[in-house]
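Report on the following structure.
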Amino acid sequence: MYLSRNPQGLVPLLETDEGDIIQSPAIMEYLEERYPTPALLPNGRLHRARVRAMAALVGCDIHPLNNRRVLEYLRGPLRQPAPAVDAWAAEWINTGFAALEAILASDERQSGFCFGSLPTLADAYLVPQVYSARRFGIDLGVYPRILEVVRKCEALPAFVQALPDHQLDALRTT
């Protein structure tokens, strides 16, 4: 049944009265258009592009390389030992976080969140990736701006409710 709705068989899938939507970027853009307040993207093309770039850094360059199905492939068919798989995940998380930390440090508009004083699309991508980094034992102390963003986000009910610990489908092992 699920494969008929999402041929990849992956999450997320957002069921709407207009139809199903798959893939996080498409879902977030849909939600931004459907519910423009509060905005997930700032005003101005350049500002919006910067937020989208930070979101893409996490969603395209970090997350896919430590996704569960990728790590299971490394452990299973490629027979990589657990320490090597963990090192693989840590490498790509640290590489991406170092770049994001530098971006945050160079932007005078960064004020508690990834861009400005309100959460954006970039924050929505970052918080789950930090959750994943914690699972891998990444030393997040070297990323003080990222930690500041996450602390600020985790103080908001919407972010707390979205944590994997509160999602039944994220807790399944099959």
Side-chain angles (χ1 to χ4, degrees), residues 1-70 92-93 96-97 99-101 103-104 106-135 143 145-174:
M1 168 69 178
Y2 188 76
L3 287 176
S4 68
R5 298 175 71 191
N6 182 352
Q8 283 186 294
L10 302 173
V11 294
L13 177 141
L14 177 65
E15 183 179 312
T16 76
D17 56 354
E18 299 173 87
D20 295 341
I21 304 168
I22 63 170
Q23 292 292 342
S24 296
I27 290 169
M28 289 190 189
E29 292 279 345
Y30 171 86
L31 292 172
E32 174 71 1
E33 292 172 11
R34 176 95 189 251
Y35 307 101
T37 305
L40 293 175
L41 292 167
N43 291 325
R45 285 187 304 268
L46 181 60
H47 294 166
R48 293 167 78 88
R50 287 184 174 159
V51 168
R52 285 184 174 116
M54 286 185 278
L57 189 156
V58 175
C60 299
D61 296 339
I62 301 173
H63 174 69
L65 297 172
N66 66 70
N67 189 293
R68 185 175 140 208
R69 69 186 180 139
V70 170
W92 303 118
I93 292 169
F97 278 6
L100 183 58
E101 185 74 14
I103 290 167
L104 295 174
S106 70
D107 189 347
E108 68 276 359
R109 286 168 299 278
Q110 198 268 330
S111 179
F113 293 100
C114 285
F115 186 92
S117 59
L118 296 171
T120 66
L121 197 67
D123 302 285
Y125 273 84
L126 177 60
V127 170
Q129 190 57 63
V130 168
Y131 184 94
S132 181
R134 288 175 174 149
R135 284 187 307 125
Y143 309 115
R145 287 176 181 81
I146 288 174
L147 285 177
E148 175 189 3
V149 168
V150 171
R151 277 194 292 275
K152 195 110 176 193
C153 290
E154 288 178 342
L156 301 173
F159 279 89
V160 173
Q161 292 167 3
L163 288 171
D165 295 343
H166 299 127
Q167 308 305 312
L168 292 177
D169 57 349
L171 300 176
R172 288 190 204 137
T173 58
T174 58

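Start at 1 with the first residue, then count along the sequence.
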Take Leu57 and Ile103 through the test side-chain contact (heavy atoms from CB on, under 4.5 Å) and record every step on the way to the result.
CA-CA 11 Å; Leu57 189 156; Ile103 290 167; 3.8 Å; yes
Should Trp92 and Val70 be marked as a side-chain contact (heavy atoms from CB on, under 4.5 Å) after you check the CA-CA gap, both sets of side-chain angles, and the distance that decides it?
CA-CA 13 Å; Trp92 303 118; Val70 170; over 6 Å; no
Pair Leu100, Arg145 - check side-chain contact (heavy atoms from CB on, under 4.5 Å), show working.
CA-CA 9 Å; Leu100 183 58; Arg145 287 176 181 81; over 6 Å; no
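For Asp20, the side-chain hydrogen bond (donor to acceptor under 3.5 Å, both in side chains) test picks out Arg5, with sequence neighbours left out. Judged as a side chain to side chain contact (heavy atoms under 4.5 Å, CB included), and not counting sequence neighbours, the contacts of Pro12 are Ser24, Ile27. Annotation: side chain to side chain contact (heavy atoms under 4.5 Å, CB included) contacts of Arg34 (sequence neighbours excluded): Asp17, Glu18, Tyr30. For Asn6, there are no side-chain hydrogen bond (donor to acceptor under 3.5 Å, both in side chains) partners, not counting sequence neighbours. With sequence neighbours excluded, the residues that form a side chain to side chain contact (heavy atoms under 4.5 Å, CB included) with Arg48 are Leu41, Pro42, Arg52. With sequence neighbours excluded, no residue satisfies side-chain hydrogen bond (donor to acceptor under 3.5 Å, both in side chains) with Glu32.
The shortest side-chain heavy-atom distance between Leu31 and Leu14 falls under the 4.5 Å cut-off. Annotation: side chain of Val51 is not in contact with side chain of Phe113 (no heavy-atom distance under 4.5 Å). Proximity of Tyr143 to Val150: side-chain heavy atoms (C-beta onward) are nowhere separated by under 4.5 Å. Cys60 has its side chain out of reach of Tyr125: every pair of non-hydrogen atoms, C-beta onward, lies at least 4.5 Å apart.
The CZ atom of Phe97 sits 12.5 Å away from atom CG of Asp61, with the distance rounded to the nearest 0.5 Å. Note that CD1 of Ile93 is 4.0 Å distant from CG of Asn66, once rounded to the nearest 0.5 Å. With values rounded to the nearest 0.5 angstrom, Leu126 atom CG is found 7.0 Å from Cys153 atom SG. Note that the NZ atom of Lys152 and the SG atom of Cys114 stand 12.0 Å from one another [nearest 0.5 Å]. To the nearest 0.5 angstrom, Gln8 atom CD is 11.0 Å from Leu13 atom CG. Remark: Glu101 CD to Glu148 CD distance equals 9.5 Å, nearest 0.5 Å.
Judged by distance alone, with hydrogens and angles left aside, the side-chain atoms of Asp107 form no donor-acceptor pair with the main-chain N or O of Leu104 at under 3.5 Å.
Looking at every heavy atom in both residues, Phe159 comes nearest to Pro119 through CE1-CB, 3.9 Å.
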